[in-house]
Amino acid sequence: MPTPSPAAAPDVDPALADGVRRDVVAWFGAHARDLPWRHPDRTPWGVLVSEVMLQQTPVVRVEPAWRAWTARWPTPADLAAASPADVLRAWDRLGYPRRALRLQECARAVVERHGGEVPSDEEALLALPGIGAYTAAAVRAFAFGRRSVVLDTNVRRVVARVAEGAAVPAPALTVGERRLAEAFVPADDAGAARWAAASMELGALVCTARAPRCEACPVADRCAWRLAGKPGDAHAPRRRTQAWAGTDRQVRGRIMALLREALEPAPAEAVAAVWPDDAQRERCLAGLLVDGLVERVPGEDPERPRYRLPS
DNA sequence: AAACCGGGGGG
DNA sequence: CCCCCAGGTTT
């Protein structure tokens, strides 16, 4: 029988996992932030939009953008029918504008494949543009209250500390780590969804990467990392953060900012004004055209092209 | 497995 | 001022 045992050897004492789960969920009941995508009147699509926005953007900047976005385009069909230029302007400075384009592609896929209703099936979610393993699990749990293993960087850090005694999780997600994380997920839908929300919130508010507030942690007395004296990062070669100044990302950001604000298609001189290095600027502009984030406007004079957000 | 993709706030 | 945050897609 190739059927894997659902009760495979646990890496963590089930009683410990159960206690941690209970106390973290209780803490969440008292300290959960009042976020609009957690309100009872939110829709599955609203939850999906919030998750995509939160993929690389902090809550404080997502919240106002989410309110405006969902008021303007309440359903997938609404977003599917919008102009990409409007979508990119509404995305404004949330970062990584390709995410905005993918979100619209996602809306169109939801309309075409699922009759305009966000699917609750994990496979169907995973097949949507811009939806990876984390977001599929999160939408399933937070929009539909269904069981899934939600493993974002916050949950990974909480599990690494409380169960493994490590300051930070491994650089890449391993099968062992996933199995360990699953030991904390209750078998029932509602319990699993609560654990997902509670463990993420603990990682975001208390068990933070840099300055954890252990004095406010509901499981500090059982945390393997704290009991070990909070040892430093075991994964020696600390991953270097991506450079920013002078990179293509910065140049692309400047061109996009120019075109978001432009009322008319921008002439090449206006684009040239945002970055002095001709070769780099042209390379970035070409990349934006390939990505579908910028459109070249055919003018009377082929020597003087103009550029705008895609219509 | 590693590189690419923005933008802002905290220490 | 430097440092940090973070998931999906592409190669």
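Distance from the side chain of T153(A) is smallest to dG7(C) among dG8(B), dG6(B), dG7(C). Set against dG6(B), dG7(C), dC5(C), the side chain of A209(A) has dC5(C) as its closest nucleotide.
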Checking V118(A) against L125(A) for the side chain to side chain contact (heavy atoms under 4.5 Å, CB included) test, could you report, in this order, the C-alpha distance in whole Å, the side-chain angles of both residues, the deciding distance, and whether it holds? CA-CA 8 Å; V118(A) 177; L125(A) 284 165; 3.9 Å; yes
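The separation between L103(A) atom CG and dG6(B) atom C1' is 17 Å, rounded to whole Å. Across the protein-nucleic acid pair, L173(A) atom CG and dG7(C) atom P stand 11 Å apart, rounded to whole Å.
As judged by a 4.0 angstrom heavy-atom cut-off over every strand, R283(A) is placed among residues making no nucleic acid contact. Nucleic acid contact class of D152(A) (heavy atoms, under 4.0 Å, all strands): sugar-phosphate only. When heavy atoms are screened at a 4.0 angstrom cut-off, R252(A) is found touching the sugar-phosphate backbone but no base atom.
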Listed pairs under 3.5 Å, donor-acceptor, residues 206-215 of chain A side chains, sequence neighbours left out:
| unit_1 | atom_1 | unit_2 | atom_2 | d |
| --- | --- | --- | --- | --- |
| T208(A) | OG1 | A211(A) | O | 3.1 |
| R213(A) | NH1 | L205(A) | O | 3.0 |

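In this structure, R260(A) reaches the dG7(B) phosphate: one of its side-chain N or O atoms is under 4.0 Å from OP1 or OP2. Of the side-chain N and O atoms in R249(A), none sit less than 4.0 angstrom from OP1 or OP2 of dG7(B).
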Can you give me the N/O atom pairs linking the protein to nucleotides 9-11 of chain B at distances under 3.5 Å, or say none if there are none?
none

Check nucleotides 9-11 of chain C for protein N or O atoms closer than 3.5 Å to its own N or O atoms and list the pairs.
| unit_1 | atom_1 | unit_2 | atom_2 | d |
| --- | --- | --- | --- | --- |
| dT9(C) | OP1 | G130(A) | N | 2.7 |

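Of the residues near DNA chain B, A172(A) and L293(A), the one whose nearest nucleotide (by heavy atom distance) lies more toward the 5' end is A172(A).
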Writing each nucleotide of DNA chain B 5' to 3' as (, ), [, ], | or . by Watson-Crick or G-U pairing under 3.5 Å yields |||||.|||||
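Between R33(A) and E63(A) there is no salt bridge, since no side-chain nitrogen of the basic residue lies less than 4.0 Å from a carboxylate oxygen of the acidic one.
Residues from residues 43-58 of chain A with heavy atoms under 4.0 angstrom of DNA chain C, sorted by number: Q55(A), Q56(A).
Atom name P, nucleotides dG8(B) and dG8(C): the rounded distance is 23 Å, in whole Å.
Within the structure, ring-ring contact (aromatic ring centres under 6.0 Å, His included) pairs that include any residue of residues 59-93 of chain A comprise W37(A)-W66(A), W69(A)-W73(A), W69(A)-W91(A) (at least two apart or interchain).
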